[in-house]
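Take a look at the structure below.
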Amino acid sequence: MNTEAIGGQMSLIDLYSDARTQPSRAMRSFMAEAEVGDEQEGEDPTVNTLIEQTCSLLGTEAAVYLPSGTMCNEIAIRVHCSPGDEIICHDSAHIIHFESGAPAALSGAMIRPISGPHGQFSAEAVEAAVRSDVRHDRYAPRSRLVVIEQTANLAGGTVWSPGNIERIVAVGKKHDLRMHMDGARLFNACAASGLPATAYARHFDSVWVDFSKGLGAPVGAVLAGSAQFIREAWRFKQQWGGSMRQAGIIAAGCLYALRNNLSRLELDHELAVQLARGLSAIPGLRVDPERVETNIVLFDVADFDDSAETFVRRMRARGIGFGAFGLNVVRAVTHMDISAKDIQRVVETVASAAHSRSASAAASS
Ligand SMILES: *Cc1c(COP(=O)(O)O)cnc(C)c1O
């Protein structure tokens, strides 16, 4: 009998996403005590404090609290783009794969996906994708917006360098493009590079940060930009039903996260490297620990299991949550509910699954 295969009975070590964090006891009691008011009217003091503190971290003029990062992306796209406009982004971007086609559905925008290693593209690739003679050409869509995802999720949490961003911004300026940063994991980029968030955010017309990912809050994201941009963003927040009432209850979780959890993101990065090192020693798994920059580890299971889906299902039965992101690619994300001991258990569990698999392969041959 396999004593490990007790599924739901055993507490799950959930590496599926850093969105899986549970609010801590201390965060919950901070939330319960939050001062609240009418958020729609700008009268929730906790939301207002969160906005001020986020603005000062990002160096932006104004910001708005929203229920999700997806809504931040989609409101920004709606403000920047008119129907028929084109968005230049990486072909692995969240706005393409995980937002239910919202750029098309809500903004009538076209997407021009471009490629490049590590989930990133170059200024030259942007230059080549821009419809530069659009003023004289009724045929092409209008290039309007460049979206950069910091860190690049599907590429394994890679960090865009300020240098590359600056070169892309220069191309954008030349062609009158707007710049948007999907900053779901911007603070992970900051922890990895040692740079302040302002060093990245200052190049963008709009930028947002997620509090429900590595920072460990249960709900919310903040979209930031110029006062004029945020005035426009508020129109769509209202129109799309994103305006709230006593939102300070949830915003308090974000505020608590800013004060207490920002400085611990480096620990997640260290554990991600430890995980990658442990997995790289297991026969049949392909992973390069040198490529782990933040809290995401991608590894290839083609020589270990039938598919990523099968691997994820087998590991779930053994109490480990992974994500299948491609035919043979598995994703693991470290976060504040994952300890060094958990990582050790994950590596041991995967290694023992490898042994039982080679044992059963030997028995059946
Ligand atoms: C999670 C994520 C989003 C969406 O954020 P939600 O708060 O889950 O809506 C957008 N972009 C990236 C890169 C993400 O990882």
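Nothing here was measured: the structure is a model prediction, and the numbers come from that model. Remember, it's 1-based here, ligands and their atoms both numbered in the order they're listed.
When only non-hydrogen protein atoms are considered, atom 5 (O) of ligand 1 lies nearest to Asp210 OD2, 3.2 Å. In this structure, the protein non-hydrogen atom closest to atom 14 (C) of ligand 1 is Lys213 NZ, 2.9 Å. In terms of protein heavy-atom proximity, atom 11 (N) of ligand 1 is closest to Asp182 OD2, 2.6 Å. In this structure, the protein non-hydrogen atom closest to atom 7 (O) of ligand 1 is Gly69 N, 2.8 Å.
Each of the following atoms of ligand 1 lies closer than 4.0 Å to a heavy atom of Ala184: 2 (C), 11 (N), 12 (C), 13 (C), 14 (C), 15 (O). Heavy-atom contacts of Glu149 reach the following atoms of ligand 1: 13 (C) (cutoff under 4.0 Å).
Looking only at side-chain heavy atoms (C-beta outward), Thr198 and Tyr200 stay at 4.5 Å or farther from each other. Using a 4.5 Å heavy-atom cutoff, the side chains of Glu166 and Arg202 are in contact. Counting only heavy atoms from C-beta outward, the side chains of Phe211 and Thr54 approach each other to under 4.5 Å.
A donor and an acceptor atom, one from each side chain of Asn73 and Thr70, are nowhere located under 3.5 Å apart.
Polar contact check, Thr70 against ligand 1: a nitrogen or oxygen pair lies under 3.5 Å apart.
Annotation: cation-pi pair Arg331/Tyr16 present, NZ/CZ under 6.0 Å from the ring centroid and within 45° of its normal.
Residue Ser68 touches ligand 1 through backbone and side chain together, judged by heavy-atom distances below 4.0 Å. At a 4.0 Å heavy-atom cut-off, ligand 1 touches Trp208 through the side chain alone. Contacts between Asn153 and ligand 1, counted as non-hydrogen atom pairs separated by less than 4.0 Å, involve the side chain only. By the criterion of a heavy-atom distance under 4.0 Å, neither the backbone nor the side chain of Ile95 is placed next to ligand 1.
Aromatic pair Phe229/Trp234: centroids not less than 6.0 angstrom apart.
Counting non-hydrogen atoms of other residues, nucleotides and ligands closer than 6.0 Å to CD of Gln239 gives a total above 12.
For the ligand labelled ligand 1, residue Arg185 lies inside the 4.0 Å heavy-atom shell.
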**OP:** In sequence, state the C-alpha distance, the side-chain angles, and the governing distance for Thr158 and Thr151, and then conclude on side chain to side chain contact (heavy atoms under 4.5 Å, CB included).
**Re:** CA-CA 5 Å; Thr158 58; Thr151 65; 5.8 Å; no
